[in-house]
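What follows is a single structure, written as structure tokens, with notes after it.
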Amino acid sequence: MERSQLERQRVAKLERLREAGVDPYPHRVDRTHTISQALETLETAEGQGAEGAQIAGVAVAGRLRSIRTMGKVTFAHIDDGTGAIQLFLRVQQLGDGAYRMFKQNFDLGDFVGAHGALMRTRTGEISVLADRITMLAKAISPLPVVKEREEDGETVRFSAFSDLEERYRQRYADLASNAGVREIFRVRARVMSALRRFLDERRFLEVETPILQPLYGGAAARPFTTHHNQLDQDLYLRISFELYLKRLVVGMYERVYEIGHDFRNEGVSHKHNPEFTQLEFYAAYLDYHDVMELTEDMVAYAAEEVLGSAVIQYQGHEIDLSPPWRRVTLRQAALEVTGVDYASHPTAPELAAAMEAQGLAARTDATWGYLIDKGLLGAVEPTLIQPTFIIDYPRDISPLAKAKPGDPMHVERFEFFIGGLELGNAFTELNDPFDQEQRFIEMGQLYGPDDEEAHPLDEDYLRAMKYGMPPNGGFGMGVDRLIMLLTDQVSIREVILYPHMRTKE
RNA sequence: GGGCCGUUAGCUCAGCCUGGCAGAGCAGGGGCCUUUUAAGCCUUUGGUCGCAGGUUCGAAUCCUGCACGGCCCA
């Protein structure tokens with residue numbers, strides 16, 4: 001192990017501890033209070049009139065965050081994740097030897113235990129006046145030092161651990177030194193549990209379906225491939241849960257949902273990670289209008305549960321997630337933003353020409369559906385700051401959605417957008433096996449045999465549908481993006497603990 | 001895939017344009033200090049300047065390639 005000067009100094013301190021008979025990595029810890037409990041304990045005692053009280057026999061533990069030595073007295077802060085508390089270390093209480101031991105061999109970043117009395121210092125800060133200080137785990141590598149000061153109610157940080165690459169590669173160090181990052185993943189956990197609670201309360205059954213699939217489907221995306229050696233079988237990592245969940249609806253579970261990871265072998269960007277968290281649900285006897293209501297209720301519920309309000313701040317915008325959300329057809333929205341009415345240009349060359357006439361880039365090799373999805377909707381997307389359902393998509397790009405009655409061009413499908421981000425996709429599910437087979441065949445013709453974004457024809461899925469699939473509404477949402485929204489983050493990497501990074505060297 | 005930007009001490013950054021002894025703050029070491037909180041004061045250590053080539057008497061600095069990252073575009 002190659003060591004920096006700082007690491008060598010810390011190893012020397014560790015050896016000095018050992019020579020003094022101190023185990024720098026002891027097995028057991030005597031702790032009576034978490035730090036937040038300790039702070040509460042003194043406040044409660046004071047609230048009951050015990051002004052100036054000391055509470056003896058308190059033991060706390062945590063990581064050393066700051067050390068200020070003034071001769072024979074030292075102030076330090078430790079942090080255990082529940083909060084931070086000041087340690088008040090004096091020769092008088094600790095004794096000469098222990099005090100020297102601390103000054104010489106304890107460093108920022110070490111995990112320590114402190115035993116003593118809860119009290120307030122002259123400046124009024126709750127502190128542990130320590131009569132014993134114990135090494136719990138010596139840190140060899142120095143964590144980035146982050147100092148803060150309150151200034152007009154704002155926390156001003158001096159120096160920081162802010163290099164994005166190193167923060168993501170060494171998330172442990174990022175979390176250990178940046179409390180704000182820790183908070184993001186606490187919010188994330190609360191969002192996940194709020195989503196589950198919302199669905200559980202509405203009689204949805206949480207299920208788990210295969211990640212390794214012999215055939216991929218349910219989305220237009222390129223899969224990761226892998227191989228089972230003993231079976232000598234090629235397998236794909238799922239790109240969606242859709243086809244497996246709808247098989248369960250055939251199997252008489254009226255309402256199912258799954259939260260898990262999808263894998264898409266595509267570009268990495270501030271909005272895309274190759275592995276991301278998806279929520280899908282399917283509910284028998286609902287159509288896409290019902291699913292819209294569930295969607296707006298669920299998102300508003302999550303915000304209220306986690307942030308205490310359905311009105312959120314995102315990138316300087318105030319966004320109101322309260323139902324009902326605006327509903328507008330894709331055709332209308334595209335016309336308003338781009339001036340192009342795709343319905344009057346029903347072929348790819350005509351539509352491309354119309355788009356170019358409006359100054360929009362249009363790939364000449366693209367299909368009609370692609371031009372609408374990437375070209376027109378792509379222009380609309382950043383304008384959708386307040387929550388919006390874009391409804392009624394072209395049939396060509398929606399092979400699993402049920403047709404819109406009396407409108408051969410469209411299906412009953414919506415996507416929803418908040419803060420300029422696409423959050424999810426849903427439809428009245430196609431449950432007619434004959435129509436479904438026809439759609440698969442059309443997709444095959446549209447994409448050509450080698451295009452991995454095409455939906456391969458899933459015979460088993462068709463077989464399931466032939467047993468009878470009740471009318472149902474389905475829904476999929478990128479959970480990471482919802483969390484970006486609720487934590488005011490622009491990059492998906494800030495809400496995924498270990499985002500994908502290219503291997504170095 | 002393309003364009004632009006970045007990579008210098010443990011961390012955050014100067015230095016590069018205009019080539020000439022590698023710097024600052026924090027952290028670390030030594031010293032003073034028994035109520036501090038970005039503690040303070042004195043002192044001091046620490047570098048594969050991302051990697052590999054090239055140009056030059058001389059390269060952190062100029063040029064080329066590569067790696068990793070960021071932003072924008074596809």
Side-chain angles (χ1 to χ4, degrees), chain A residues 1-14 16 52 54 64-79 84-96 99-100 102-110 117 119-130 139-151 154-170 173-174 176-178 222 266-272 360-366 370-371 373-375 378-379 382 490-494 499-505:
Chain A
M1 207 190 313
E2 206 169 316
R3 294 205 180 105
S4 68
Q5 180 196 33
L6 295 178
E7 289 171 331
R8 288 193 302 272
Q9 285 168 345
R10 283 172 176 234
V11 170
K13 292 177 180 184
L14 179 145
R16 283 209 296 271
Q54 290 201 3
L64 265 175
R65 272 280 123 82
S66 64
I67 302 174
R68 294 177 297 284
T69 295
M70 270 137 286
K72 295 190 172 61
V73 61
T74 292
F75 294 93
H77 276 94
I78 61 170
D79 169 4
I85 194 167
Q86 181 167 264
L87 305 183
F88 188 9
L89 308 171
R90 295 160 91 191
V91 174
Q92 203 174 312
Q93 275 78 21
L94 280 171
D96 238 352
Y99 187 78
R100 265 179 73 84
F102 174 83
K103 267 211 317 191
Q104 293 185 340
N105 300 318
F106 284 44
D107 286 299
L108 295 179
D110 293 349
M119 46 87 71
R120 280 187 193 267
T121 57
R122 200 171 288 166
T123 57
E125 180 165 353
I126 298 176
S127 306
V128 176
L129 178 60
I140 300 305
S141 301
L143 277 171
V145 174
V146 179
K147 295 190 176 185
E148 294 174 346
R149 185 175 61 187
E150 295 298 318
E151 215 166 73
E154 303 244 325
T155 303
V156 185
R157 312 188 91 204
F158 299 86
S159 181
F161 185 39
S162 59
D163 184 275
L164 290 182
E165 183 174 352
E166 292 310 320
R167 283 186 46 228
Y168 301 148
R169 286 189 195 277
Q170 300 188 57
D174 182 29
S177 49
N178 294 318
R222 205 189 276 252
E266 297 175 337
V268 177
S269 81
H270 67 105
K271 288 192 287 192
H272 300 88
L360 286 165
R363 272 168 49 177
T364 49
D365 60 334
Y370 182 95
L371 288 171
D373 196 23
K374 297 289 189 278
V490 186
S491 169
I492 198 169
R493 295 178 201 105
E494 292 294 343
H500 178 74
M501 300 293 273
R502 205 185 287 259
T503 310
K504 244 181 165 175
E505 305 307 78

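So that the names make sense, note that chain A is the first sequence line, chain B the second, and so on, each numbered from 1. This is a predicted model, so every value here is computed, not measured.
Using a 4.0 Å heavy-atom cutoff across all strands shown, A/T121 reaches at least one base atom of the nucleic acid. Among the atoms of the strands shown, only primed sugar atoms or phosphate atoms (P, OP1, OP2) are found under 4.0 Å from some heavy atom of A/K13.
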Contact letters for nucleotides 69-74 of chain B, in which S counts primed atoms plus P, OP1 and OP2 and B counts the base, heavy atoms under 4.0 Å
SSSS--
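A straight line from CZ of A/F75 to C1' of B/A39 spans 10 Å, rounded to a whole angstrom. Taking atom CZ of A/R8 as the reference point, atom C1' of B/G29 lies 13 Å away to the nearest angstrom. Computed from coordinates, the A/E166 CD to B/C13 P distance equals 13 Å when rounded to whole Å. Atoms CG (A/N178) and P (B/C11) sit 13 Å apart, rounded to a whole Å. As a whole-Å value, the separation of A/Q170 CD from B/G10 C1' is 11 Å. Rounded to whole angstrom, the span from the CD atom of A/E7 across to the P atom of B/G29 amounts to 14 Å.
A/T123 contributes a side-chain N or O that forms a donor-acceptor pair with the base of B/U36 under 3.5 Å. Below the 3.5 angstrom threshold, one finds no donor paired with an acceptor across the side chain of A/E125 and the base of B/U35.
Minimum heavy-atom separation, A/I492 to A/S269: CG2-O, 3.9 Å.
With sequence neighbours excluded, the residues forming a ring pair (Phe, Tyr, Trp, His ring centres under 6.0 Å) with A/F106 are A/F102, listed by chain and number. Contacts of A/R16 classified as salt bridge (charged side-chain N to carboxylate O under 4.0 Å, His left out), with partners at least two apart in sequence or in another chain: none.
When both distances must be under 3.5 Å, the Watson-Crick or G-U wobble mate of B/G40 is B/C32. In this structure, B/G1 forms a base pair with B/C73, meeting either the Watson-Crick or the G-U wobble geometry with both donor-acceptor distances under 3.5 Å. Pairing for B/G58 is absent, with no Watson-Crick or G-U wobble pair whose two atom distances lie under 3.5 Å. In this structure, B/A9 makes no Watson-Crick or G-U wobble pair, since no nucleotide meets both defining distances under 3.5 angstrom.
For the pair A/S127 (side chain) and A/E125 (backbone), a donor-acceptor distance under 3.5 Å is present. Proximity of a side-chain donor or acceptor of A/N178 to a complementary backbone N or O of A/F161 within less than 3.5 Å is detected. Looking at A/Y370, its side chain never comes within 3.5 Å of a backbone N or O of A/G375 through a donor-acceptor pair. Counting only distance, with no hydrogens or angles, the side chain of A/D79 and the backbone of A/A84 share no donor-acceptor pair below 3.5 Å.
With respect to the salt-bridge test (charged N to carboxylate O, under 4.0 angstrom), the residues A/E494 and A/R167 qualify.
Atom C1' of B/A52 sits at a distance of 48 Å from the matching atom of B/G40, rounded to the whole Å. Comparing the C1' positions of B/C66 and B/U56 gives a spacing of 23 Å, expressed to the nearest Å. Distance noted for atom P between B/C13 and B/A22: 24 Å (whole Å). The same atom, P, is picked in B/A27 and in B/C71; the two are 31 Å apart, to the nearest Å. Of the C1' atoms belonging to B/A67 and B/G15, the separation is 24 Å, rounded to the nearest Å. The gap from the C1' atom of B/G29 to that of B/G46 amounts to 10 Å, rounded to the nearest Å.
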Restricting both atoms to N or O, compile the protein contacts to nucleotides 30-33 of chain B shorter than 3.5 Å, with distance only.
{"unit_1": "B/C33", "atom_1": "N3", "unit_2": "A/G71", "atom_2": "N", "d": "3.0"}
{"unit_1": "B/C33", "atom_1": "N4", "unit_2": "A/G71", "atom_2": "N", "d": "3.4"}

Show each protein N/O and nucleotides 25-27 of chain B N/O combination with a separation under 3.5 Å, one pair to a line.
{"unit_1": "B/C26", "atom_1": "O3'", "unit_2": "A/K147", "atom_2": "NZ", "d": "2.9"}
{"unit_1": "B/A27", "atom_1": "OP1", "unit_2": "A/K147", "atom_2": "NZ", "d": "2.7"}

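Between B/A39 and A/R68, a contact under 4.0 Å exists linking OP1 or OP2 to a side-chain N or O.
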Could you check A/I140 against A/V11 for side chain to side chain contact (heavy atoms under 4.5 Å, CB included), going step by step and ending with a plain yes or no?
CA-CA 6 Å; A/I140 300 305; A/V11 170; 3.9 Å; yes
Contacts under 3.5 angstrom, residues 87-94 of chain A side chains, donor-acceptor by atom type, not counting sequence neighbours:
{"unit_1": "A/R90", "atom_1": "NH2", "unit_2": "A/Q92", "atom_2": "OE1", "d": "3.3"}

